[in-house]
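The model shown is predicted, which means the values in this text are computed figures rather than measured ones. Per chain, numbering begins at 1; letters A, B, ... match sequence-line order.
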Amino acid sequence: MEEVPQGCPGTGSAQAGRGASCQGCPNQRLCASGAGAAPDPAIEEIKEKMKTVKHKILVLSGKGGVGKSTFSAHLAHGLAEDENTQVALLDIDICGPSIPKIMGLEGEQVHQSGSGWSPVFVEDNLGVMSVGFLLSSPDDAVIWRGPKKNGMIKQFLRDVDWGEVDYLIVDTPPGTSDEHLSAVQYLSAARLDGAVIITTPQEVSLQDVRKEINFCHKVKVPIIGVVENMSVFVCPKCKKESQIFPPTTGGAEVMCQDLKIPLLGKVPLDPHIGKSCDKGQSFLMDAPASAAALAYRRIIQRIQEFCGHHQPKEEHLVGS
Amino acid sequence: MKTVKHKILVLSGKGGVGKSTFSAHLAHGLAEDENTQVALLDIDICGPSIPKIMGLEGEQVHQSGSGWSPVFVEDNLGVMSVGFLLSSPDDAVIWRGPKKNGMIKQFLRDVDWGEVDYLIVDTPPGTSDEHLSAVQYLSAARLDGAVIITTPQEVSLQDVRKEINFCHKVKVPIIGVVENMSVFVCPKCKKESQIFPPTTGGAEVMCQDLKIPLLGKVPLDPHIGKSCDKGQSFLMDAPASAAALAYRRIIQRIQEFCGHHQPKEEHLVGS
């Protein structure tokens, strides 16, 4: 079991490998040699790789089951409706990779070429990568501890041949742990545009989401805004609106006012969303006139506007 | 763990299906019998929901000679969570795996639970550090089993099958599956809507396929969310509701399972 010894001074500290608590640690020699303090070479490699990627968006939530993957998938679908926009969707949820199912790509395999791993293409302009494509069966549990998950995320960012991409969307698991730290760390030199944070209206969700916002501030990731999913449910028979996840503390609206963060939009509960996801189809295509689809589209537009104002520095122009 | 009779893990591959909600209400339900000592341990380090759901926000943990004292909701219901160790509920706990494992070890080793009939362990979604550590550290103490929570749609079931796979791999018995958010009954016209449609037959078909007991199905009820946000027991707030009745039937089945799995009495005096 990879366990940090009590009193570990940290691999990057001056005491690394030299402290009293380092005795007996299997990494003692490595740390004492200064290897732990050196930046991971993958960070520079990923920065190079990301030069062909204009905009990078993280989709986060402290809370599970609020619709991160659903939203990531439909953000990808929405952006890719413009054939001239190249979209890439990366699923770094190693334990519960939902993206292959939601994108209708179950059973697909990843191919290796000279230039790296090829993503699986839904459309010519929409490529997807997920650990789900590396499993022999969708029911296989990926029972990995943090370090192994980090290694996979590094490979995804460094070795996948995305090509020229306008938007890279990174779908994450719930929480503020290894996957999130690794994604931010490996993308640190490549400059993330920002994070979209997903929540549902009840306080139990908002509490975890505030932690996620706190995380973004700590690791200096800009916040594009918050999306509130599962806002209301409209009974198809009598049209009564029910708040199934009651916003006892004012929902995302009040939280965003308090924290001075944009609320990108609210998406109502719609059984068609779940059906489309299970069938691997785009809900935006399945139910384009629904309130939920319209809400998604407005949110996608606001994200595009945000990215439009945040052009990448053109440091790799020919001749500059 | 010798003073703890029954140990139950509450798991799901999927997030947001109601693990913490269920763990809390399993604890409340068992503790309604004053003679039953219940302990609820929250090992979700990044998103510890149990303090809020149990109405214990702001509580602090005390240390004594015999270890950390859990926070008591009732005389017979004690709770421990990393949430009690944070200076503010909005503080992010941004720890990598090894540090989370250390915390879980401390929770299991250093908390002075006392004589306990049921220890319920609430987990985060996934099949990673927290789950491996909990199983590893409890391996010698013999877990009664795991209750696995899902919602009806295939996207959830897919992750839940992975969790079931995990249980088989690490040899944790499965008590059964609970399907949350089954249907929603419109309070006005009583129409039933399947908000999370069971496109592949829901938990019922999955349990038949995998030959695992389906402990019960709980309908969506806005009162559940309200009670959780207020830190109250939904079983007390809405005792006659379909959801509360469903919870009670499930809790009873879990008690029956544990009743058939008595711990070996290897620590009897004089044996």
[X] portion near chain B, given a 4.5 angstrom heavy-atom threshold:
| X | result |
| --- | --- |
| Leu135(A) | side chain |
| Ile143(A) | both |
| Ser182(A) | both |
| Asp208(A) | side chain |
| Lys279(A) | neither |
| Phe215(A) | both |
| Glu106(A) | side chain |
| Pro174(A) | side chain |
| Pro97(A) | both |

Q.
Exactly one of Lys149(A), Arg145(A), Glu179(A) should register a side chain to side chain donor-acceptor pair (under 3.5 Å) with Ser128(B). Which one does?
A. Lys149(A)
Only pairs of heavy atoms separated by less than 4.5 Å count here; which of [options] has the most with chain B?
| options | result |
| --- | --- |
| Cys235(A), Pro201(A), Ser69(A) | Cys235(A) |
| Ser205(A), Pro236(A), Pro246(A) | Pro246(A) |
| Ile213(A), Ile94(A), Val204(A), Asp93(A) | Val204(A) |
| Pro271(A), Pro173(A), Gly62(A), Gly274(A) | Pro271(A) |
| Asn150(A), Thr248(A), Thr70(A) | Thr248(A) |

Q. Which region of Lys169(B), side chain (C-beta onward) or backbone (N, CA, C, O), has a non-hydrogen atom less than 4.5 Å from a non-hydrogen atom of chain A, or is it both or neither?
A. side chain
Q | chain A contact via Leu132(B) - which portion, at a heavy-atom distance below 4.5 Å | A | both
Q. Taking everything shown except Glu204(B) itself, do over 12 heavy atoms lie less than 6.0 Å from its CD?
A. no
Out of [options], return the one with the most heavy atom pairs under 4.5 angstrom to chain A.
| options | result |
| --- | --- |
| Gln158(B), His131(B), Lys14(B) | Gln158(B) |
| Gln153(B), Lys52(B), His168(B) | Lys52(B) |
| Gly16(B), Ser12(B), Pro198(B) | Gly16(B) |

Q. Is any side-chain heavy atom of Lys240(A) closer than 4.5 Å to a side-chain heavy atom of Cys189(B)?
A. no
Q. Do Ser137(A) and Arg161(B) touch side chain to side chain, with heavy atoms closer than 4.5 Å?
A. no
Q: Measure the CH2-CG distance between Trp95(B) and Asp178(A) for me, rounded to the nearest 0.5 Å.
A: 13.0 Å
**Q.** Separation between CG of Leu269(A) and OG of Ser193(B), rounded to the nearest 0.5 Å
**A.** 10.5 Å
**Q.** Distance-minimising heavy-atom pair for Asp229(B) and Glu203(A)
**A.** OD2-N, 2.8 Å
